[in-house]
Enquirer: 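Could you have a look at this structure, given as C-alpha cells, before my questions?
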2 protein chains.
Amino acid sequence: MATTRPEPELPTPPGRKPRRTAPPRQPLTQEFIVDTAIRVLDAEGLEAVTMRRVAQELGTGPASLYAHVSGKEELRELMLDRVAAEIRLPVPDPERWQEQLHELASEIRRVFTSHRDIAMVSMGMVPTGPHLLDVAEAQLALMRAGGVPKEIAGIAVDTLGMFLDAGAIEDTIHLTKAPPGADPWEYFQKYIGEVRAYFNALPPDRYPVVSGMVDELIAMDGEQRFEFGLGLLVRGIASYVEDEERPG
Amino acid sequence: MATTRPEPELPTPPGRKPRRTAPPRQPLTQEFIVDTAIRVLDAEGLEAVTMRRVAQELGTGPASLYAHVSGKEELRELMLDRVAAEIRLPVPDPERWQEQLHELASEIRRVFTSHRDIAMVSMGMVPTGPHLLDVAEAQLALMRAGGVPKEIAGIAVDTLGMFLDAGAIEDTIHLTKAPPGADPWEYFQKYIGEVRAYFNALPPDRYPVVSGMVDELIAMDGEQRFEFGLGLLVRGIASYVEDEERPG
DNA sequence: CATCTCCGAAGAACGGTGTTCGTTGCTTAC
DNA sequence: GTAAGCAACGAACACCGTTCTTCGGAGATG
C-alpha cells in the first residue's frame, strides 16, 4: 500500500491542519489517572479535582478520561480506595482487641486527614473497593475476636465509619476554605478568634448556658475531640461482649 | 432633565422590547428567598438549590438574589437555621436529662431528615444562626442540669452534632441519588439488593469475616443504627457525671 | 409640585463545571 | 493488504456562581 509507505518528512500542505505533529504520549491508564487525581487532591483539595484539571495535568482533554473511568463519581471512589491502601492493618490479638480497635481507628483518621478532605467521598458510601473492604474486614475481625456479637459488630462498624468520616471532614473543612495564597493554619486561627468574639457577644439572657462556657466550647482541639468520641464508642461496643471472661 | 419627564402612556415603538409591561412583583425579601429555596430543597434535594433555580422559581434572574443574600453559602446557612426553627426543644427536667437528651437528638434527626440532605450544610459548620444556637443551648442545658462537667459537655455537644449530621446525611444520600422520575424508596431497595449480591459474591478467602456476616451488615435499618449509636453516646456522656446522687 | 438621588431589579457576560458526540488515526487481527 | 476496533481528542451542550452595568421607580429634598 502506498499509503503506508514510509514517506520522507514532507512539509504540511497549505491549508491543512497539522493534525498531530508528535504525540509520543505515554498511554493513558486508569492507575495513572488516579495517581494524578490524588496529586491534585493533596495539593489543592478535593474541590480542585475536576475532570478538566486532572486532564490538564495529564496534558490532554477531559474527554480522554472517560475511556478509563465512567465519570467523576467512579474516579473519586477509586481515589478513596487507593488512599485506603495506605492504612496499616493489625494482626488481631484477642487479648488487646479494644486497644487494637482504637489504634486502627486512629490510623484510619491519620491516613484520611493526610489526604485533605478525601473523607467526603467516603461519607454515605458503601465500601466496595478491595482496600476499603480490607479495612472493614480488619475492624470486624477485631470485634469478633473480642467476642462482640455479629449483630452488634455489623452496626458498630457502620457507626465507627460515620464517626471517622465526620471527624476527618470537620478537621479538614476549615483548612480547605483558606484562600489559596494564605497559610491555612493561620487562617484557621483567625477564624477561631472571630468565633470566640461572636460567642462572647451573644446576649446572655437568651443563651445563658452557652454564654457561660464559651472557653469550653472553643477549646476544641480536633485530636482531643476525636479521642473523646472514639473512647465513648469503643467502650460502648465493648459493653456488648457476651462472655466477659477476662484472664484475671 | 427631559429624560425624567413623566410621559403619558405611549404605545411601545416598533422594534422595541416592552421592557417590562406590568411588574407588580411582590418585592424580593431574604425571608421569601429562603422560603423558596427550602421549597426547592424539599422537592428536589440540596443539589437542586442553585442560585439560578431559586431565582427562576421566583420569576427573576440570579443576579437579583445578591441584593438580599451574600451568596450561595449564606443562603444555605439561612436555610439550615430556618429548618432548625422547627425543632421542638424540651424544658430541662434534671431527673430525666438522659431521656430528654435522647429525645432531643431524635427530634433533631426527625426534622433534618424531613428536609432531604439539609444536614450536609451543617457538617463542619459552627452554629451561629439564632435557632441553631437555641438547639445547642438546649443540649447544653440538659447536660449541665444532669451534672455533666463543662469541659465534657463542650466536647459532647460537638460529638453529638457530628453524629447527628452524619446519620442524617447517610440516610438521605441514597434517596437523593435516585433519578428524578423514579420512586426513591424503590430505587433504594434495588440498590440494597445489588449490595447484598456484591457482598455475597466476594471471595471468602480474602474477606472471611465479611463473607460470614453479610446479613448482619445489610440489615442496617437507618433508625436502628441511629438508636444504637445514640445510646452509646448518651450513656458514655452520662458516665462522666461527677456526683452520681440518684434518688434511690 | 418638580427634581434629584439612591437602591433594588435585572440582562448580559465571564470563567468555570460534568458529560456527550463525532471524528481521527493508530494498532492489531485477519 | 485490508478491515475492524478503539483510545485520544476537539468541540459543543447545558449547566453552575458571581460580577458588572444599566435601568427604572420610589422616597427625599428643594
Side-chain angles (χ1 to χ4, degrees), chain A residues 1-7 12 16-33 36-37 40 44-79 121 177 179-180, chain B residues 1-7 9-10 12 16-33 36-37 40 44-79 121 177 179-180:
Chain A
M1 264 300 176
T3 59
T4 55
R5 178 145 44 99
E7 319 187 36
T12 56
R16 180 161 296 282
K17 290 183 283 189
R19 287 290 176 213
R20 198 129 258 309
T21 49
R25 290 252 140 277
Q26 89 184 86
L28 238 37
T29 319
Q30 185 181 85
E31 188 182 328
F32 196 43
I33 291 176
T36 309
V40 176
E44 308 175 36
L46 189 63
E47 253 193 10
V49 181
T50 68
M51 292 292 137
R52 291 180 139 85
R53 184 77 174 74
V54 173
Q56 175 193 343
E57 208 77 8
L58 288 162
T60 179
S64 304
L65 306 181
Y66 285 80
H68 307 91
V69 155
S70 71
K72 194 189 183 186
E73 188 64 24
E74 184 181 332
L75 176 56
R76 283 159 78 116
E77 294 185 11
L78 289 170
M79 291 169 65
V121 179
K177 276 182 186 169
Chain B
M1 281 278 184
T3 59
T4 56
R5 178 143 43 98
E7 319 187 35
E9 287 206 14
L10 294 181
T12 55
R16 179 160 295 283
K17 289 182 286 188
R19 286 288 178 212
R20 198 129 259 311
T21 50
R25 290 252 140 277
Q26 89 185 86
L28 238 37
T29 319
Q30 185 180 86
E31 189 182 328
F32 196 43
I33 292 176
T36 309
V40 176
E44 308 176 35
L46 188 63
E47 252 193 10
V49 181
T50 69
M51 293 291 133
R52 291 180 138 86
R53 183 78 174 73
V54 174
Q56 176 194 341
E57 207 78 8
L58 287 163
T60 178
S64 304
L65 306 181
Y66 285 80
H68 307 89
V69 154
S70 70
K72 194 188 182 185
E73 188 64 24
E74 184 182 332
L75 175 58
R76 284 159 76 115
E77 294 186 9
L78 290 170
M79 292 168 65
V121 179
K177 275 183 187 171

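Residue numbers begin at 1 in each chain, while the letters A, B, ... track the order of the sequences. All values below were derived from every heavy atom in this structure, side-chain atoms included, with hydrogens, water molecules and symmetry-related copies excluded.
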Enquirer: Would you kindly give the CD-to-P distance between B:Glu74 and D:dT18, to the nearest whole Å?
Expert: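 Going from B:Glu74 (CD) to D:dT18 (P), I get 11 Å.
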Enquirer: May I ask you to test the B:Met79-B:Leu75 pair for a side-chain heavy-atom distance under 4.5 Å?
Expert: yes
Enquirer: Rounded to whole angstrom units, what separation is found between the CE atom of A:Met51 and the C1' atom of D:dG10?
Expert: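 Nearest whole value for this atom pair: 18 Å.
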Enquirer: Rounding to a whole Å, what distance do you find between B:Tyr66:OH and C:dC14:P?
Expert: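 To the nearest whole Å, that distance equals 17 Å.
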Enquirer: Whole angstroms only, please: what is the CD-C1' distance between A:Gln56 and C:dG16?
Expert: 12 Å
Enquirer: Is a donor-acceptor contact shorter than 3.5 angstrom present between the side chain of B:Arg52 and the base of D:dG17?
Expert: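 Check passes, donor-acceptor contact within cut-off.
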Enquirer: Nearest-nucleotide wise, let me know which of B:Ala63 and B:Ala48 is further upstream toward the 5' end of DNA chain D.
Expert: B:Ala48
Enquirer: I want to confirm an ordering. Mapping A:Ser70 and A:Glu47 to their closest nucleotides on DNA chain C, which one lands closer to the 5' end?
Expert: A:Glu47
Enquirer: Counting only side-chain heavy atoms from C-beta out, which of C:dG18, C:dA9, D:dC9 sits nearest to A:Ser64?
Expert: D:dC9
Enquirer: What do you reckon, is CD of B:Glu47 surrounded by more than 12 foreign heavy atoms closer than 6.0 Å?
Expert: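 Open.
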Enquirer: To the nearest angstrom, how far is B:Leu65 atom CG from D:dG17 atom P?
Expert: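 In whole Å, D:dG17 P lies 10 Å from B:Leu65 CG.
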Enquirer: For C:dA9 and B:Thr60 - does any side-chain N or O of the residue sit under 4.0 Å from the phosphate oxygens OP1/OP2?
Expert: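 For C:dA9, OP1/OP2 do not have a side-chain N/O of B:Thr60 under 4.0 Å.
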Enquirer: Heavy atoms, side chains only, cut-off 4.5 Å: are A:Met51 and A:Tyr66 in contact?
Expert: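 SC-SC contact between A:Met51 and A:Tyr66 confirmed.
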Enquirer: Which whole-number value in Å describes the distance from B:Phe32 CZ to C:dA9 C1'?
Expert: 15 Å
Enquirer: Which whole-number value in Å describes the distance from A:Lys72 NZ to D:dC15 P?
Expert: 18 Å
Enquirer: Please answer whether the main-chain N or O of A:Phe32 pairs with a side-chain N or O of A:Thr29 as donor and acceptor at a distance below 3.5 Å.
Expert: no
Enquirer: Round to the nearest Å and state the distance from B:Ile33 atom CD1 to C:dA9 atom P.
Expert: 8 Å
